[in-house]
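Single-structure report; data block below.
Chain naming here is simple, since letters A, B, ... match the order of the sequence lines and numbering starts at 1 in each.
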There are 2 protein chains.
Amino acid sequence: MLSNSRVAYREHNHLRCQNAAMQRARSLCEQHKVRLTPIRENVLRLLWQSHRPLGAYEIIEQLSDAGEKSVKPPTVYRAIDFLLEQGLAHRLATLNAYIGCPFPGNPHRFAVFVCQACGSAAESSFEAIDNAIGAAAARADFEVHGQAVEVTGLCPQCRGKADD
Amino acid sequence: MLSNSRVAYREHNHLRCQNAAMQRARSLCEQHKVRLTPIRENVLRLLWQSHRPLGAYEIIEQLSDAGEKSVKPPTVYRAIDFLLEQGLAHRLATLNAYIGCPFPGNPHRFAVFVCQACGSAAESSFEAIDNAIGAAAARADFEVHGQAVEVTGLCPQCRGKADD
DNA sequence: CGCATAACGTTATAACATTACATAAATATG
DNA sequence: CATATTTATGTAATGTTATAACGTTATGCG
Ligand SMILES: [Zn+2]
Ligand SMILES: [Zn+2]
Ligand SMILES: [Zn+2]
Ligand SMILES: [Zn+2]
């Protein structure tokens, strides 16, 4: 079981998260002989600016603000597609948003836990979830190809604050 | 564990599914003292025309074709919102589509299994999945409010056909 | 270099969903 | 029953997310 929930919801030196993610990305792209171009790298860095999932148009806006010329949707969507293909990012269907994967390189199914209060998301690859889904699928004689498990609720930090 | 996977992927007398669903809906709405207006009823019936999730604009199109005047998005989205609130339908975030709930009235978490080949979706409320999610959440000290579990793959029928 | 492929730029548009405000129907209240 | 209130619907416009189509530039290779 891999999870970044210990760190994602807490105060922490996030620059380390970001730098480590960028380092892993460079390394994996080299390994896979694919190009982590400046655009792709910039998008990934934005996804890692925090543990909050980012919408495509937020990325477009931030990239446009950063550079001189306005960035168009296809540019960003292509970068996102690349990151998704390489397993460097995930798409959260319930939010129409994207998040950097903390465990790229380890092919994994995952569940994501999104805090409704602070917006932070942690990823967990907990085998028991996959196994339970597999068991339910087996009963239905269904062959699983992919899964999306997205949980909303309150993270420990936010739960402490407003405990109504 | 409730599931409609036995029937959803197979040839069956679907009219019975539809009629039963409409009957349950009428009964539940009466019970909850809310109004199953003609628009709402028509939308629900369309969702139950098969076990394939339907997009909002497919509903709009079908309703427009059926009546004389064209139906506008808010009309359908309002009906959908009503059905979601009453637990008569579910939204599938990965598909931007909606499906009639086979087990309304029983408050339940659920997973949905969508066949990539034929598009049919079955719903399963398998406690083991919820328990596993609960366990993962507990480890992260996360308080679960809602969950979306959407699985893609091949149903028994379609698996038999193209077994590559 | 000359070619092939991959990446990017640009315009337009598709697909999904909501806001805002006017009207009508249903229900409650005296 | 009249009328006030609430609930539901009609309508136009717009917001949000994502992709299609096509041309250009950059990169890698023989
Ligand atoms: Zn961090
Ligand atoms: Zn939080
Ligand atoms: Zn059926
Ligand atoms: Zn199928």
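Within residues 80-97 of chain B, no residue approaches DNA chain D, by heavy-atom distance under 4.0 Å. Looking at residues 24-52 of chain B, you'll see B:R35 sit with a heavy atom under 4.0 Å from some atom of DNA chain C.
Scanning both residues, B:A56 and B:V76, for their nearest heavy atoms gives O-CG1, 3.9 Å.
Counting side-chain heavy-atom gaps under 4.5 Å among Ile, Leu, Val, Met, Phe, Trp and Tyr, the cluster of A:L92 also holds A:L95, A:I99, A:F110, A:V112, A:V114.
A nucleotide of DNA chain D counts as in contact with chain A when one of its atoms lies under 4.0 Å from a heavy atom; the first and last such, 5' to 3', are D:dT17 to D:dT27.
In this structure, the side chain of B:H14 engages the main chain of B:W48 through a donor-acceptor pair within 3.5 Å. Not a single donor-acceptor pair under 3.5 Å links the side chain of B:H32 to the backbone N or O of B:S27. Remark: side-chain polar atoms of B:R109 are not paired, donor with acceptor, to backbone N or O of B:A148 under 3.5 angstrom.
In this structure, A:R52 places its CZ atom where only 12 or fewer heavy-atom neighbours from other residues, nucleotides or ligands lie under 6.0 Å away. Other residues, nucleotides and ligands place no more than 12 heavy atoms under 6.0 Å from the CD atom of B:E127.
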(Q) Pair B:H12, B:R6 - check side chain to side chain contact (heavy atoms under 4.5 Å, CB included), show working. (A) CA-CA 10 Å; B:H12 65 285; B:R6 289 292 127 189; over 6 Å; no
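Contact annotation: the side chain of A:S124 never approaches that of A:L2 to less than 4.5 Å [non-hydrogen atoms, C-beta and beyond].
In terms of position along DNA chain C, the nucleotide closest to A:A79 lies nearer the 5' end than the nucleotide closest to the other residue of the pair A:A79 and A:P73. Between A:Y57 and B:Y57, the one whose closest nucleotide on DNA chain D sits nearer the 5' end is B:Y57.
Rounded to 10 degrees, the angle between the two end axes of the helix from C:dC1-D:dG30 to C:dG30-D:dC1 is 30°, with five pairs used at each end.
The shortest distance between the side-chain N/O atoms of B:Y77 and the OP1/OP2 oxygens of C:dA17 is below 4.0 Å. Within the structure, a side-chain polar atom (N or O) of B:Y98 is placed less than 4.0 Å from OP1 or OP2 of C:dA17.
One can place NZ of B:K72 at 16 Å from C1' of C:dT19, the figure rounded to the nearest angstrom.
Using a 3.5 Å distance cut-off with no hydrogens or angles, the side chains of B:Q49 and B:Q62 do pair a donor with an acceptor.
The distance from the OH atom of B:Y98 to the CG atom of B:L47 is 10.0 Å, given to the nearest 0.5 Å.
Residue pairs meeting the ring pair (Phe, Tyr, Trp, His ring centres under 6.0 Å) criterion with at least one member in residues 130-149 of chain A, sequence neighbours excluded: A:F142-B:Y9, A:F142-B:F113.
The existence of a salt bridge linking B:R26 and B:E30 is excluded, since no basic side-chain nitrogen approaches an acidic carboxylate oxygen closer than 4.0 Å.
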